[in-house]
Amino acid sequence: MKLFEELKWRGLIKDITSPELEEKLNKGGMTFYIGTDPTADSMHIGHLSSFLISKRLKDAGHHPILLIGGATGRIGDPKPTEERSMKSIEEIERNVKGLTDQAKKIFGFEVVNNYDWIKDMDIVTFLRDFGKYFNINYMLDKDIIRRRLETGISFTEFTYMILQAVDFLHLFKTKGCTLQVAGSDQWGNITAGVDLIRKVTGEEVYAFTMPLVTDQAGKKFGKSEGNALWLDKEKTSSYELYQFFINAEDSMIETYLKIYTFLSKEQIEDIVKRHNDCPHLRIGQKALAEEIITFLHGHEEYEKAVKISEALFSGNVKELTLSELEMGFKDVPSYNLTEGGNIVDILVTSSIASSKREAKEFVGNGSIRVNGEKVTDIGFEITKDIAIQGKIVVIRKGKKSYTLLKFD
């Protein structure tokens, strides 16, 4: 399967600027760039699909450049509904470093920062050399600008499109970059760059966008209650990634396998068939989790995530190390102990039970497990001797309510 055909089959191409691009992509040898602004010090799963496209292009003989928007990040890409809040210069610079290190480590791409060529540009040069090429009516017709006209848009955000176009022109002149790849929400910005290069140099360059990845409900994939799933395992553990992917909707598995893995067409079709035959086994979700976590963090991290998940499901938490316990119970309430004590008293002081009477009821009816073992004796003592590695005791109330007791 040729590259363009494969990208289409995987659902990774939404719009292209010219039919000629199909042949050029199949031929190889293009220098292309993909950009991201430093809104955080790590990329998240929402970024991953586009960076995996970049790797697919690289493997097909194209040369990728990752542009970190050290300059555009100071302005902010216009949001559909409101103005972005400005980040401090210190935070932006810290985020630029984090993204640069991460991109080189995970993907091995060449990384550039648009602050390097924009920082010394004065306003007269900006207006004379670039602003004159942008017709206001042309800019107002761009979807993201048009959607903001009712609520209002500042001149600062209005000029973002021009700066992104300047990036493409700069990379075209200095690195021979003739292709930009971006999410579909960037179509207006990237076509502005194609037009600017044509007007300034008379040369033809290209661009294509990919659809934004969403879940079944249409929400951006990898976003949960406003919290991103980060690619940095110190911010989002492999276990948390595993839990997210293992719970992906059955109806979206084929789509996600095409977008987020390098499995072949035949492999994906086989997984989907086996998954549809026995959906309760979650074959598709497991394959998705394994491919993504292994790519990002290595197979050892994937195996660790599976181990933690299986231990928590079975209740056999004694098998886990302290770091694995911390990873698996990252968001679980914890209570510090200076010394041990009776199970009833500790259930009350750690707020697992509201009173001694309730605590005795929990123990008596078998609702309490200590390190996976059911406790029915109200005289049971919690001591350092039963703590995992002498540090942590895991209390489970009912089926899903956990609390960590941590000895000082």
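- A salt bridge links Arg198 with Glu204: at least one charged nitrogen is closer than 4.0 Å to a carboxylate oxygen.
- Counted by atom type alone, Glu240 and Thr236 present zero donor-acceptor pairs between their side chains at under 3.5 Å.
- By the 30° and 60° cut-offs, the orientation of the rings of His44 relative to His47 is tilted.
- For the residue pair Gln285 and Ala248, the shortest heavy atom distance occurs at NE2-O, 2.9 Å.
- Between His62 and Phe32, the ring planes lie perpendicular to each other; the angle is over 60°, past the 30° to 60° tilted range.
- At least one donor-acceptor pair under 3.5 Å links the side chain of Gln267 to the backbone N or O of Ser264.
- Salt bridge absent: Glu5 and Arg10 never bring a charged side-chain N and a carboxylate O closer than 4.0 Å.
- At most 12 heavy atoms of other shown residues, nucleotides or ligands fall within 6.0 angstrom of atom NZ in Lys391.
- For Asn26 (side chain) and Lys2 (main-chain N/O), no donor-acceptor pair under 3.5 Å exists by modelled atom type.
- Side-chain contact, Gln243 with Ser309: a donor N or O sits under 3.5 Å from an acceptor N or O.
- Of the possible donor and acceptor atoms, none in the side chain of Tyr115 sits under 3.5 Å from a partner among the backbone N and O of Ile68.
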Under 3.5 Å, which donor-acceptor pairs do the side chains of residues 166-175 form with other protein atoms, sequence neighbours left out?
unit_1	atom_1	unit_2	atom_2	d
Asp167	OD1	Trp117	NE1	3.1
Asp167	OD2	Asn114	ND2	3.0
Thr174	OG1	His170	O	2.8
Lys175	NZ	Glu110	OE2	2.7

Worksheet entry | Audit row: Ser367, Asn365, side-chain hydrogen bond (donor to acceptor under 3.5 Å, both in side chains) steps and yes/no | CA-CA 6 Å; Ser367 296; Asn365 63 27; 2.5 Å; yes
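- Taking every heavy atom of both residues into account, Thr17 and Val205 meet most closely at OG1-O, 4.3 Å.
- Formation of a donor-acceptor pair under 3.5 Å by the Thr191 side chain with backbone atoms of Gly188 is found in this model.
- The pair Lys97-Asp41 fails the salt-bridge criterion, with no side-chain N (NZ, NE, NH1 or NH2) lying under 4.0 Å from an Asp/Glu carboxylate O.
- Using a cut-off of 4.0 Å between Lys/Arg side-chain N and Asp/Glu carboxylate O, Glu324 and Lys307 are scored as salt-bridged.
- Using a 4.0 Å cut-off between charged nitrogen and carboxylate oxygen, Lys304 and Glu301 count as a salt-bridge pair.
- Proximity of a side-chain donor or acceptor of Ser154 to a complementary backbone N or O of Glu157 within less than 3.5 Å is detected.
- The minimum heavy-atom distance linking Glu6 with Arg56 is given by the pair OE2-NH1, 4.5 Å.
- A donor-acceptor distance shorter than 3.5 angstrom exists from the side chain of Asp122 to the backbone of Thr125, with no hydrogens or angles considered.
- In Lys199, the NZ atom is crowded: over 12 heavy atoms of neighbouring residues, nucleotides or ligands sit closer than 6.0 Å.
- Taking the charged nitrogens against the carboxylate oxygens, Glu269 and Lys265 do have a contact shorter than 4.0 Å, which makes a salt bridge.
- Ion pairing of Lys258 with Glu254 is present here, as a side-chain N (NZ or NE/NH1/NH2) and a carboxylate O approach within less than 4.0 Å.
- No side-chain donor from either of Asp408 and Thr338 sits under 3.5 Å from a side-chain acceptor of the other.
- Under the 3.5 Å distance criterion, the side-chain polar atoms of Asn113 are matched with a main-chain donor or acceptor of Gly70.
- Salt bridge status for Lys105 with Asp101: absent, with no side-chain N to carboxylate O gap under 4.0 Å.
- A salt bridge links Glu93 to Arg74: at least one charged side-chain nitrogen sits closer than 4.0 Å to a carboxylate oxygen.
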